[in-house]
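Report on the structure given below.
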Amino acid sequence: MKIFLIGFMGCGKSTKAKQLASRLNCEVIDLDAVIVAEQGKTIADYFAENGEEAFRKLESETLKTYDYPDTCVVATGGGLPCFFDNMDWMNANGRTIYLQMTPPQLVSRLHNREKRPLLKGMNDEQLLAFIEMKLTERNAFYRQAQLVVNAFDLDVEELMGSIVH
Ligand code: S3P
């Protein structure tokens with residue numbers, strides 16, 4: 001079984017993916033990290049050099065061509081479910097879990113904004129407005145996940161419980 005964790009930047013996909021993989025004794029794959037390793041540059045540098053459109057194509061291609069082991073937990077980039085048919089592809093090829101948080105919760109967790117090209121230079125107020133706007137668009141995709149969990153203060157045992165149910 002492949003488990004895809006989706007959700008907005010800062011909702012804890014990478015951390016939860018590691019904890020879940022360790023709990024399930026399987027591999028963890030972070031698609032942003034795969035891109036960084038394959039391209040030899042940070043996501044911020046890739047955006048700056050090639051633009052968002054090129055990044056979205058590469059991200060979708062990486063999602064669909066990565067050689068996944070049979071059982072793994074995959075952390076995806078925050079925008080990935082919202083482009084092309086990526087959400088349908090994940091739903092067809094694994095289990096999808098949306099780690100949901102409210103905009104104020106996300107603001108409180110997004111300290112390192114410089115490494116995220118879409119958030120560069122924003123103060124808390126601008127970030128809150130940006131998240132509220134983006135979540136309105138993105139929730140239409142995120143909510144296609146097979147499981148939606150409240151991710152704030154979410155314990156890995158609780159997450160395991162939701163998956164088993
Ligand atoms: C993005 C989220 C980032 C990364 C890129 C774009 C987005 O991943 O893929 O900066 O559009 O929300 P994280 O959600 O892991 O920060």
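As the structure lists them, so they are numbered: ligands from 1, and atoms in each ligand from 1.
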Query - Distance from atom 12 (O) of ligand 1 to nearest protein heavy atom, with residue and atom - result: R138 NH1, 2.8 Å

Query raised in the report: Has ligand 1 got any nitrogen or oxygen that is less than 3.5 angstrom from a nitrogen or oxygen of D32?
Result: yes

Query - Protein residue, atom and distance nearest to atom 5 (C) of ligand 1, heavy-atom basis - result: I43 CG2, 3.8 Å

Requested in this report: For F55, take its heavy atoms, then give the atoms of ligand 1 lying under 4.0 Å from any of them.
Outcome: 9 (O)

**Report entry** Aromatic plane relationship, Y142 with Y98 - under 30° parallel, 30 to 60° tilted, over 60° perpendicular
**Finding:** tilted

**Report entry** Atoms in ligand 1 with a heavy atom of K13 nearer than 4.0 Å
**Finding:** 13 (P), 14 (O)

Query raised in the report: What is the distance from atom CD1 of I163 to atom CE of M160, rounded to the nearest 0.5 Å?
Result: 6.0 Å

Query raised in the report: Hey, does G78 come in under 3.5 Å of ligand 1, counting only N/O atoms on both sides?
Result: yes

Query - K120 to ligand 1, any heavy atom closer than 4.0 Å - result: no

Query - Subset of ligand 1 atoms that lie under 4.0 Å from at least one heavy atom of L118 - result: 7 (C), 11 (O)

Query raised in the report: Should the pair E53-R56 be classified as a salt bridge under the 4.0 Å nitrogen-to-oxygen rule?
Result: no

Requested in this report: Could you state whether L80 and L147 fall into the same hydrophobic cluster, counting links through intermediate Ile, Leu, Val, Met, Phe, Trp or Tyr residues with side-chain heavy atoms under 4.5 angstrom apart?
Outcome: no

Query - Sub-4.0 Å atoms of ligand 1 with respect to non-hydrogen atoms of R116 - result: 16 (O)

Query raised in the report: What atoms of ligand 1 come closer than 4.0 angstrom to any heavy atom of R56?
Result: 6 (C), 7 (C), 11 (O)

Report summary line: protein heavy-atom neighbour closest to atom 7 (C) of ligand 1 works out as G79 N, 3.3 Å

Requested in this report: Using a 4.5 Å cut-off on heavy atoms from C-beta on, say whether the side chain of Y46 contacts that of V36.
Outcome: no

Query raised in the report: Within less than 4.0 angstrom of ligand 1, does K115 place any heavy atom?
Result: no

Query raised in the report: Hey, is K115 close enough to D32 for a salt bridge, meaning N to O under 4.0 Å?
Result: no

Requested in this report: Give the ring-plane orientation class for F4 versus W89, where under 30° counts as parallel, over 60° as perpendicular and anything between as tilted.
Outcome: perpendicular

**Report entry** Short N-O contact, E61 and K57, less than 4.0 angstrom
**Finding:** no

Report summary line: Among C11, P81, S14, P117, closest by heavy atom to atom 10 (O) of ligand 1 is P117

Query raised in the report: Of the backbone atoms (N, CA, C, O) and the side-chain heavy atoms from C-beta on, which set of K134 has a member under 4.0 Å from an atom of ligand 1: side chain, backbone, both, or neither?
Result: neither

**Report entry** For S14, side chain to side chain contact (heavy atoms under 4.5 Å, CB included) partners two or more places apart
**Finding:** D30, A75

